[in-house]
Protein chains: 2
Amino acid sequence: MRVLITAGGTSEKIDDVRSITNHSSGRLGCLIAEEFLKNHATVDFVTTAQAKHPAENKKLQLYEIEGTQGLADQLQELLQKTTYDAVIHSMAVSDFTPAQTFSQEDFLASINHLFQEKKVPLTKEDLTQLTDRTEVDEKKISSDTEQLYLVLKKTPKVIQLIKKIQPETLLVGFKLLVDVSKQTLITTAQAGIGKNQADYILANDLAKIKDNQHIGYLIDKNGQIIGEKQTKESIAQLIFQTIDRHNT
Amino acid sequence: MRVLITAGGTSEKIDDVRSITNHSSGRLGCLIAEEFLKNHATVDFVTTAQAKHPAENKKLQLYEIEGTQGLADQLQELLQKTTYDAVIHSMAVSDFTPAQTFSQEDFLASINHLFQEKKVPLTKEDLTQLTDRTEVDEKKISSDTEQLYLVLKKTPKVIQLIKKIQPETLLVGFKLLVDVSKQTLITTAQAGIGKNQADYILANDLAKIKDNQHIGYLIDKNGQIIGEKQTKESIAQLIFQTIDRHNT
């Protein structure tokens, strides 16, 4: 069996010294990798420099990325080269990336100019145009302003690449919410299945992740909860067993 | 001799899963700590979970912080409790912290509303008022919008706390710029001396920091360059020797 696992969290550059970072220790991803390795699978593991890395292993190959674009490029390369039985995409991927940074002065001038030009309520297109005008090209943003306006644009949905390139692979997606009801968590995760062509989604809530506890629900493509676990170790085992069942 | 050293880079929370992080490996700060420890000083070391930590030592005490406010609180506590011969403030501190996040829809509505109310070119005060209206209280910002508008406000200047509490301590500040001329770097660092009541500033340029190279200029309170070094190790030694000279 050969699997591709992503873990850790992406960082999107604001300038040469600052990034927006999605926090993820990468610990669950490591445990999943170790579970597959223990069961003689070959693992390609995509992670970040900051995240925890699995112990070295002859059947483990590591790939490090930083931002969402780097992740998309790396996955594309791997998925075009190698056929995977499953892709377990546990990395916390940034939904937004910096498009433009304005000092308070520049932002005010741009907005006032836009109003003079348009003389009507502004539309979304006006705003998008304003912030698309130039690309981020800052070495280090000057701190000589009272406020900074950071405009972020959506990143492409990396998870949706996976089945486009390998429709036959089994895809396990992850959905993390923060302090919601179990019902909201499950419903949100279910909604992600069709959109991302996932075969399974592991739904979890940051408020229920602490110390040795990590509550996770594994949902299949029919939206059924097929497992509920309380620790990272048992989530890792459940994911391995679920994928392994398809291969036997 | 007893010194307080800060190292690493602060992270400012956007929500429970995202932060703006100032990158700093903390390696130079570690070398500075080790140089003082080798010379029998006692070191209080303020850093972050992500940064490199110095090797354990009986005369070394570690304190971990995350954001600028946490750093200010920690320094205040230490400076009120202990008298230091010197404070070496190498931590990369965020100049801005998230004040408010808007979806594109909410931002557009707020801006249009402001224009209807004011019917004149907007002023800085209008913008500040708009973004001060509510505090950031997001658990996880929804990704259901094309753009996010993140408004950042200035953080208090932590370095200026130090001499306010301990006017007698020797303060070594750090100035990092990115890819500027030596002249600009030195002039900018000199300007920081009076403002922050620093006794010395170590000026460095990210573009001149790679592999084993780390070019740094140590500037004294008269604005004179009293040393120019090429590696982290020699910068650490220069800082120790400079402080030590005051104590003998």
Side-chain angles (χ1 to χ4, degrees), chain A residues 9 11-24 50 92 94-96 98-101 104-105 107-109 111-116 120-124 126-128 131 138-155 157 176-180 206-207, chain B residues 9 11-24 50 92 94-96 98-101 104-105 107-109 111-116 120-124 126-128 131-132 138-155 176-180 206-207:
Chain A
S11 283
E12 302 296 321
K13 270 179 80 157
I14 298 173
D15 61 18
D16 280 350
V17 299
R18 277 168 278 226
S19 295
I20 295 183
T21 303
N22 272 50
H23 300 295
S24 171
Q50 294 77 41
S94 186
D95 292 319
F96 294 94
Q100 179 72 275
T101 309
Q104 189 178 37
E105 293 73 17
F107 190 72
L108 190 63
I111 284 277
N112 277 326
H113 180 74
L114 209 55
F115 265 97
Q116 277 169 354
V120 287
L122 296 182
T123 65
K124 280 191 197 185
D126 297 329
L127 273 189
T128 304
T131 55
E138 292 287 350
K139 286 173 173 173
K140 185 178 180 183
I141 296 160
S142 168
S143 59
D144 196 20
T145 175
E146 277 308 303
Q147 290 187 323
L148 275 189
Y149 287 75
L150 187 54
V151 184
L152 307 163
K153 63 182 177 192
K154 263 200 165 161
T155 54
K157 276 284 183 194
L176 178 75
L177 293 179
V178 182
D179 205 12
V180 297
L206 189 62
Chain B
S11 283
E12 301 296 320
K13 270 179 80 158
I14 299 173
D15 62 17
D16 279 351
V17 299
R18 278 168 278 226
S19 295
I20 295 183
T21 303
N22 272 49
H23 300 295
S24 172
Q50 294 78 40
S94 187
D95 293 319
F96 294 94
Q100 179 72 276
T101 308
Q104 190 178 36
E105 293 73 17
F107 190 72
L108 190 63
I111 283 280
N112 277 326
H113 180 75
L114 210 54
F115 265 97
Q116 277 168 353
V120 288
L122 296 183
T123 64
K124 280 191 197 185
D126 296 329
L127 274 188
T128 304
T131 55
D132 274 356
E138 292 287 350
K139 286 174 171 171
K140 184 178 179 183
I141 295 160
S142 168
S143 59
D144 197 20
T145 176
E146 277 307 303
Q147 290 187 323
L148 276 189
Y149 287 75
L150 187 53
V151 184
L152 306 163
K153 63 180 177 192
K154 264 203 165 158
T155 52
L176 178 74
L177 293 178
V178 182
D179 204 12
V180 297
L206 189 63

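Chain identifiers are assigned alphabetically (A, B, ...) following the order of the sequence lines, protein sequences preceding nucleic acid strands; residue numbering begins at 1 within each chain. When reading the values below, keep in mind they use all heavy atoms of this one structure, side chains included, and skip hydrogens, waters and symmetry mates.
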Taking every heavy-atom pair that is under 4.5 Å apart, which of L122(B), I20(B), D126(B) has the most such pairs with chain A?
-> L122(B)
Which bit of Q104(B) comes within less than 4.5 Å of chain A, counting heavy atoms only: side chain, backbone, both or neither?
->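 For Q104(B), the contact with chain A is made by backbone and side chain together.
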So which part of S94(B) gets closer than 4.5 Å to some heavy atom of chain A, the side chain, the backbone, both or neither?
-> neither
Working to the nearest 0.5 angstrom, can you tell me the gap between [X] [atom1] and [Y] [atom2]?
X: K124(A); Y: L108(B); atom1: NZ; atom2: CG; result: 8.0 Å
X: I111(A); Y: L127(B); atom1: CD1; atom2: CG; result: 7.5 Å
X: K153(B); Y: E146(A); atom1: NZ; atom2: CD; result: 11.5 Å
X: I14(A); Y: F96(B); atom1: CD1; atom2: CZ; result: 11.0 Å
X: K154(A); Y: Q147(B); atom1: NZ; atom2: CD; result: 11.5 Å
X: D15(A); Y: N22(B); atom1: CG; atom2: CG; result: 8.0 Å

From the list L152(A), D95(A), V151(A), side chain to side chain contact (heavy atoms under 4.5 Å, CB included) partner of L148(B) resolves to L152(A)
When heavy-atom pairs shorter than 4.5 Å are enumerated against chain B, which of E105(A), E12(A), Q50(A) gives the highest number?
->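 Counting heavy-atom pairs under 4.5 Å, the top option is E105(A).
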